[in-house]
Amino acid sequence: MCGIAGIVAHSAVNLDLYESLSVMQHRGQDAAGITTCENGRFYMRKGNGLVRDVFFEKHMQRLPGKMGIAHARYPTAGTSSSAEAQPLYVNSPYGIALAHNGNLTNADEIKEELFLSDLRHLNTDSDTEALLNIFAHELQLQARPEFNVDDIFTAVSAIHRRCRGGYAVVAMVVGKGILAIRDPNGIRPLVYGVRETDMGTDYMVASESVALQAQGFELVRDIEPGEAVFISADGKFFSKQCAENPQLSPCIFEYVYFARPDSILDGVSVYKARLRMGQTLVQKILREKPDHDIDVVIPIPDTSRSTALEVAYHLNVKYREGFIKNRYIGRTFIMPGQKERKKSVRQKLNPIALEFAGKNVLLVDDSIVRGTTSKQIVQMAREAGAKKVYMASAAPPVRYPNVYGIDMASHDEFVAHNRTVEEITKIIGADWLVYQDLEDLKSAIKKGNSALENFDSSCFDGIYVTKDVDDAYFERLSDKRNDAAKQAHNKITASQL
């Protein structure tokens with residue numbers, strides 16, 4: 001999961017891009033990059049680390065231009081190679097820089113095609129480099145001395161034919177403009193907005209609407225599945241549907257966990273959706289435990305707060321902040337290895353003993369993936385004096401890998417894989433555990449936009465909307481994503497530094 005942005009404006013865009021990445025830092029903490037364009041040249045700065053650690057004043061001064069793209073990286077395979085920091089660049093045709101959020105399910109096939117048929121060399125394992133070279137190759141086939149926007153759209157159509165998976169893309173063609181692309185299923189989010197100035201209309205595309213709002217842009221709409229939007233350097237707006245059978249199936253985990261609550265994705269307020277998740281979750285709690293003895297509801301900060309508030313309200317019990325979060329520790333879900341995740345939970349959360357002592361506590365979390373964090377949090381609650389520790393998940397059991405851009409482990413690393421709720425309860429050490437039902441989760445989101453019919457909810461139900469995921473794919477995925485593979489890769493990367 002990554003954050004991407006692109007701006008075409010009437011003034012310098014470097015600071016707006018920097019602040020956009022800062023707003024979307026939750027989407028990726030591994031690396032960050034900005035590329036701008038001025039007088040027919042690209043200017044680029046990127047590196048590993050948080051946005052604030054990659055960019056300093058001297059770097060911002062070296063990023064001139066009134067258009068540019070930016071990227072905050074989250075490694076879907078758990079790697080941290082600086083060579084894969086984005087945007088990436090090729091010099092032909094015209095000169096193209098590209099950044100991308102998502103994952104291609106046919107990446108191996110594409111890379112072989114690029115080498116054998118398109119005669120293009122890839123220097124990294126990144127899906128982004130494959131996407132960039134497909135776009136460059138297809139645009140080269142159309143290219144002519146007089147730049148034509150229709151050639152861009154023809155190349156995008158070829159991308160949709162050749163690529164499968166979830167992807168949102170921003171690309172910049174030297175001196176020509178910025179392109180935004182969303183995959184035919186709309187799995188990964190992408191929105192655009194405008195900002196009126198004395199000099200004219202500025203345009204911005206980004207992964208989340210909150211990035212637009214923070215820079216003074218007004219959200220216009222989501223980019224449609226399969227749609228391509230091109231904004232020329234002189235501020236002209238073009239769009240075209242470039243996929244044959246587009247169907248909106250946004251990633252449901254965006255609403256559960258990844259997106260900021262102040263964002264609006266596909267017409268749905270993330271904050272309101274999480275409130276409704278609490279309303280449906282409490283109904284299940286009351287069905288399963290009508291004579292409950294819960295004294296207090298405590299959220300696992302930060303994502304579950306909205307849900308926990310609704311649960312407490314409808315249970316008619318106290319809501320309390322029982323954990324204080326160290327905001328300078330990265331998201332444990334994104335930590336590359338199990339040891340790092342275990343260590344970081346204690347550094348990240350500290351209990352307020354007064355809120356636990358002598359009470360029956362219901363902990364509310366957005367989801368339970370590996371169970372490592374949940375087990376430690378339950379133990380922390382007991383150590384703080386809780387009599388009983390119950391846990392509720394705003395999401396259903398995570399049983400299957402996400403293959404469209406979220407670094408969810410291989411099957412065997414999920415606590416819910418091939419286990420009953422009772423077995424999971426024992427593993428995490430809780431007295432009782434309840435999960436949200438999938439249909440209730442979907443209903444909570446759909447109420448924000450009645451036009452939403454489908455979701456990518458594959459991590460819960462194992463149904464993959466691209467219909468190209470099989471056992472052989474899972475074997476390859478596990479080799480890349482399990483903790484042992486990540487640790488081995490990181491050792492190799494460290495030896496190269």
Side-chain angles (χ1 to χ4, degrees), residues 1 27 76 101-103 105 164-168 182-190 207-208 222 225 246-259 261 263 265-270 272-281 283-284 303-304 306-307 333 365-370 392-411 413-419 421 424 434-470 473-474 477 481:
M1 188 64 57
R27 299 190 66 86
T76 55
N101 167 31
N103 186 58
T105 53
R164 297 192 300 272
Y167 51 92
R182 195 175 182 192
D183 68 80
N185 292 292
I187 298 172
R188 300 270 64 88
L190 197 59
S207 295
E208 293 188 35
D222 297 86
Q247 182 178 16
L248 181 60
S249 300
C251 175
I252 203 166
F253 216 69
E254 289 278 357
Y255 300 94
V256 170
Y257 175 77
F258 262 104
S263 281
L265 301 181
D266 290 305
V268 177
S269 162
V270 176
K272 289 288 190 180
R274 289 176 184 167
L275 286 177
R276 291 190 292 269
M277 290 175 203
Q279 294 166 10
T280 53
L281 180 59
Q283 291 172 14
K284 185 171 182 182
T303 321
S304 62
S306 305
T307 301
F333 179 71
D365 208 348
D366 52 74
S367 59
I368 300 172
V369 182
R370 295 170 176 87
S393 170
V398 176
R399 302 187 187 277
Y400 307 92
N402 182 291
V403 302
Y404 300 124
I406 300 177
D407 185 22
M408 285 187 171
S410 58
H411 289 82
E413 292 175 6
F414 294 128
V415 70
H417 180 60
N418 285 338
R419 292 190 178 101
V421 174
I424 301 167
V434 61
Y435 282 99
Q436 181 94 260
D437 290 334
L438 181 55
E439 289 308 311
D440 286 341
L441 175 61
K442 291 180 179 179
S443 173
I445 300 168
K446 286 180 180 180
K447 284 182 180 177
N449 180 2
S450 59
L452 266 179
E453 297 181 358
N454 302 300
F455 295 95
D456 164 49
S457 51
S458 53
C459 57
F460 304 128
D461 59 17
I463 300 171
Y464 295 89
V465 296
T466 54
K467 298 181 174 60
D468 63 337
V469 178
D470 54 21
Y473 180 85
F474 281 133
L477 189 71
R481 290 194 181 180

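Position 1 is the first residue of the sequence, and the numbers go up from there.
The shortest distance between side-chain heavy atoms of Phe258 and Cys251 does not fall below 4.5 Å. At least one side-chain heavy atom of Thr466 sits under 4.5 Å from a side-chain heavy atom of Tyr404. Taking the side chain as every heavy atom from C-beta outward, Thr280 and Leu441 never approach each other to under 4.5 Å. Within the 4.5 Å cutoff, the side chain of Cys459 has no heavy atoms near those of the Ile406 side chain. The closest side-chain heavy-atom distance from Asp366 to Arg274 is not below 4.5 Å. Annotation: side chain of Ile252 is in contact with side chain of Ile445 (closest heavy-atom distance under 4.5 Å). Between Met277 and Val256, the closest side-chain pair of non-hydrogen atoms falls below 4.5 Å. Ser458 is not listed as a side-chain neighbour of Tyr400, based on a closest heavy-atom distance of 4.5 Å or more.
With sequence neighbours left out, Asp468 forms a salt bridge (Lys or Arg N to Asp or Glu O under 4.0 Å) with Arg164. Every residue two or more places apart in sequence or in another chain that forms a side chain to side chain contact (heavy atoms under 4.5 Å, CB included) with Asp470 is listed here: Ala472, Tyr473. Residues passing the salt bridge (Lys or Arg N to Asp or Glu O under 4.0 Å) test with Arg399: none are found, sequence neighbours excluded. The side chain to side chain contact (heavy atoms under 4.5 Å, CB included) check on Asp222 picks up Arg182, Val191, Asp266, with sequence neighbours excluded. Residues passing the salt bridge (Lys or Arg N to Asp or Glu O under 4.0 Å) test with Lys442, sequence neighbours excluded: Glu439.
A side-chain donor-acceptor contact under 3.5 Å links Gln436 to the backbone of Ala394. For the pair Asp183 (side chain) and Gly166 (backbone), a donor-acceptor distance under 3.5 Å is absent. Between the side chain of Ser269 and the backbone N or O of Lys272, at least one donor-acceptor pair lies under 3.5 Å.
Nearest heavy-atom pair, Asn101 versus Ser207, reported as atom, atom and distance to 0.1 Å: ND2-OG, 4.4 Å. Across every non-hydrogen atom of Gly405 and Asn103, the tightest pair is N-CB, 3.4 Å. Annotation for Pro396 and Phe460: closest pair O-CE2, 3.4 Å, computed over non-hydrogen atoms. Closest approach of Tyr435 and Pro397 over heavy atoms only: CD2-N, 3.4 Å. Closest of all the heavy-atom pairs between Gly448 and Arg276 is N-NH2, 3.3 Å. Contact between Pro225 and Pro246 at its shortest, heavy atoms only, is O-CB, 3.3 Å.
Within the model, atoms OH of Tyr257 and CG of Asp365 stand 9.0 Å from one another, a figure rounded to the nearest 0.5 Å. In this structure, the separation between CD on Glu208 and CG on Leu190 is 11.0 Å, given to the nearest 0.5 Å. Atom CD1 of Ile368 is separated from atom CZ of Phe414 by 13.5 Å, given to the nearest 0.5 angstrom. Note that CG of Asn402 and OG of Ser457 are 10.5 Å apart. Values are rounded to the nearest 0.5 Å.
In this pair, Tyr255 and Phe455 present their aromatic rings perpendicular. The plane angle is above 60°, beyond the 30 to 60° band.
Each salt bridge (Lys or Arg N to Asp or Glu O under 4.0 Å) pair with one or both residues in residues 445-464, not counting sequence neighbours, would appear here, but there are none.
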- Item | Test log, rule side-chain contact (heavy atoms from CB on, under 4.5 Å), inputs Asp440 and Leu281 | CA-CA 8 Å; Asp440 286 341; Leu281 180 59; over 6 Å; no
